[in-house]
Trainee: 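This is the structure I have questions about; it appears just below.
All residue numbers refer to positions in the sequence shown, counting from 1.
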Amino acid sequence: MDDFIAQMPKAELHLHLEGSVEPETLHELDPSTPVEEFRELYRYADFDAFLKAFAAIGKRLRTPEDYGLITRRLLERLAAQNVRYAEIIVSAGVVLWKKQEFATIFDAICDAAVGSPVEVRWILDAIRQFGAEPAMQVAKLAAERVDRGVVAFGIGGSETRGPAEWFTDVFAFAREAGLHLTAHAGESEGPESIRAALQLGAERIGHGIAAARDEALMRHLRECDIPLEICITSNLVTGVVKSIDEHPVRRLFDAGVPIVLNT
């Protein structure tokens with residue numbers, strides 16, 4: 001089975017560039033810090049602690065060259081796993097929060113992807129809890145880069161502290177700009193969060209596992225052919241699902257909900 005999976009050509013549709021950074025790559029960026037110290041960043045007990053870890057890693061990405069390195073390392077691993085196509089989420093909202101110049105960082109990311117056997121497209125992600133105004137800045141950055149492989153705009157982060165209703169105008173702008181729309185929803189919150197994301201016009205839902213609690217919502221996703229980007233390992237390590245036996249992926253599959261599996 002391991003050989004079969006390794007040889008199978010694959011696509012990955014829910015993949016965070018910053019979330020792909022391994023402790024060893026951080027050590028490459030900062031050899032003066034022991035790799036074990038970086039590994040401590042990856043130990044967290046719940047979803048809020050995970051968000052803090054994600055932010056802590058993002059803070060260590062200081063230059064365009066740093067972003068270029070993490071992109072190369074990610075694409076090397078994807079190629080080794082026979083991933084042929086990837087839509088990689090770039091946390092543009094974090095870049096702006098750090099007051100870094102996004103243009104040079106995106107240039108470095110794109111340059112790092114040149115020559116990779118993996119066909120790559122980009123999704124620019126805003127941070128829900130930062131609010132609508134920073135999200136609009138991200139949507140504008142995405143709209144300016146449609147001709148450079150940016151295919152979608154999305155929102156991630158805390159569903160509780162960044163309700164979907166804040167982003168109605170932002171999603172409308174992104175849609176008018178020709179971008180596809182996605183949203184993390186139903187990961188740490190319930191089915192109502194997914195419904196709110198659908199109201200925004202989301203064409204795909206990041207995670208969406210809470211849909212398994214709502215028969216009518218599952219029926220809607222099935223009938224409208226709206227996929228859930230299921231990330232089983234992620235759900236376990238962030239604590240939103242307590243054990244593999246409790247994961248609702250089989251329930252969603254049996255209900256006919258379109259799903260894609262991601263790391």
Side-chain angles (χ1 to χ4, degrees), residues 2 5-6 10 12-83 86-100 105 108-109 112-113 116 118 120 122-123 125 127-130 156-159 161 184 187-188 206-207 209 229-247 249 261-263:
D2 287 348
I5 292 171
K10 292 173 285 292
E12 176 121 42
L13 301 182
H14 189 116
L15 175 59
H16 292 266
L17 176 62
E18 298 85 350
S20 75
V21 182
E22 296 184 330
E24 292 75 15
T25 307
L26 288 179
H27 184 62
E28 277 189 83
L29 295 172
D30 179 10
S32 65
T33 301
V35 69
E36 187 54 43
E37 189 172 319
F38 287 127
R39 289 193 182 112
E40 286 298 318
L41 290 173
Y42 294 72
R43 299 188 175 112
Y44 35 80
D46 57 30
F47 188 74
D48 280 342
F50 153 71
L51 290 178
K52 290 176 182 176
F54 189 93
I57 291 165
K59 287 178 182 177
R60 286 164 169 78
L61 303 173
R62 298 182 175 94
T63 68
E65 291 74 22
D66 292 349
Y67 279 88
L69 176 65
I70 67 171
T71 303
R72 285 193 299 277
R73 293 293 176 264
L74 170 58
L75 291 173
E76 288 165 2
R77 292 201 307 281
L78 293 177
Q81 296 162 15
N82 202 22
V83 173
E87 293 183 5
I88 299 175
I89 301 167
V90 180
S91 190
V94 171
V95 173
L96 296 180
W97 172 68
K98 292 187 293 182
K99 301 189 185 307
Q100 294 171 326
I105 286 172
I109 290 170
S116 171
V118 183
V120 179
W122 311 102
I123 298 172
D125 200 46
I127 309 301
R128 296 175 71 126
Q129 62 268 29
F130 290 178
S158 174
E159 298 172 63
R161 291 180 284 134
H184 288 60
E187 179 183 12
S188 58
H207 299 282
I209 52 175
E229 303 160 1
I230 302 292
C231 311
I232 296 172
T233 303
S234 171
N235 299 152
L236 293 171
V237 298
T238 59
V240 296
V241 176
K242 301 306 178 187
S243 71
I244 190 71
D245 291 335
E246 296 178 35
H247 200 284
V249 61
L261 297 177
N262 312 272
T263 52

Trainee: What is the ring orientation for His207 with His184, classed by angle as parallel under 30°, tilted 30 to 60°, or perpendicular over 60°?
Mentor: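 Geometry flag for His184 against His207: tilted rings.
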Trainee: What class does the angle between the rings of His27 and Phe38 fall in, given that below 30° is parallel, 30 to 60° is tilted and above 60° is perpendicular?
Mentor: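 The rings of His27 and Phe38 stand perpendicular, inter-plane angle above 60°.
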Trainee: Rounded to the nearest 0.5 Å, what separates atom CZ in Phe54 from atom NZ in Lys59?
Mentor: 13.0 Å
Trainee: With rounding to the nearest 0.5 angstrom, report the CG to OG distance, Leu74 to Ser20.
Mentor: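 With rounding to 0.5 Å, CG (Leu74) is 4.0 Å from OG (Ser20).
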Trainee: Is the backbone N or O of Tyr67 less than 3.5 Å from a side-chain atom of Thr71, with the two atoms forming a donor-acceptor pair by type?
Mentor: yes
Trainee: Counting only N and O atoms by type, is there a donor-acceptor contact under 3.5 Å from the side chain of Lys10 to the main-chain atoms of Gln81?
Mentor: yes
Trainee: At what distance, to the nearest 0.5 angstrom, does CZ of Arg77 lie from CD of Glu22?
Mentor: 4.0 Å
Trainee: With a 4.5 Å limit on heavy-atom distance, are the side chains of Ile57 and Leu41 in contact?
Mentor: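 Side chain of Ile57 against side chain of Leu41, heavy atoms only: contact under 4.5 Å found.
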Trainee: For the residue pair Phe47 and Leu51, establish whether any side-chain heavy-atom pair is separated by less than 4.5 Å.
Mentor: yes
Trainee: Measure the spacing between CD of Glu12 and CG of Asn262 and express it to the nearest 0.5 Å.
Mentor: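 So the CD of Glu12 and the CG of Asn262 are separated by 5.0 Å.
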Trainee: Would you please classify the geometry between the Trp97 ring and the Phe130 ring as parallel, tilted or perpendicular, with 30° and 60° separating the classes?
Mentor: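 Taking Trp97 first and then Phe130, their aromatic rings sit tilted (interplane angle of 30° to 60°).
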Trainee: Side-chain contact test, heavy atoms from C-beta onward, threshold under 4.5 Å: evaluate it for Val90 versus Glu18 and give yes or no.
Mentor: yes
Trainee: Is Leu15 close to Ile89 at the side-chain level, that is, under 4.5 Å between some pair of heavy atoms?
Mentor: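 The answer is no, as the side chains (C-beta and beyond) never meet within the 4.5 Å cut-off.
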Trainee: Can Asp245 and Ser243 be counted as having a side-chain donor-acceptor contact under 3.5 angstrom?
Mentor: no
Trainee: Any donor and acceptor pair, going by atom type alone, linking the side chain of Glu159 with main-chain N or O of Ser188 inside 3.5 Å?
Mentor: yes
Trainee: Would you give the length of the straight line joining atom CD of Glu229 to atom NE2 of His14, rounded to the nearest 0.5 angstrom?
Mentor: 6.0 Å
Trainee: Looking at Glu24 and Arg39, is any side-chain nitrogen of the basic one under 4.0 Å from a carboxylate oxygen of the acidic one?
Mentor: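 Answer for the salt bridge query: yes.
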Trainee: Nearest 0.5 Å please: distance from the OG1 atom of Thr25 over to the CG atom of Leu69.
Mentor: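 The distance works out to 6.5 Å.
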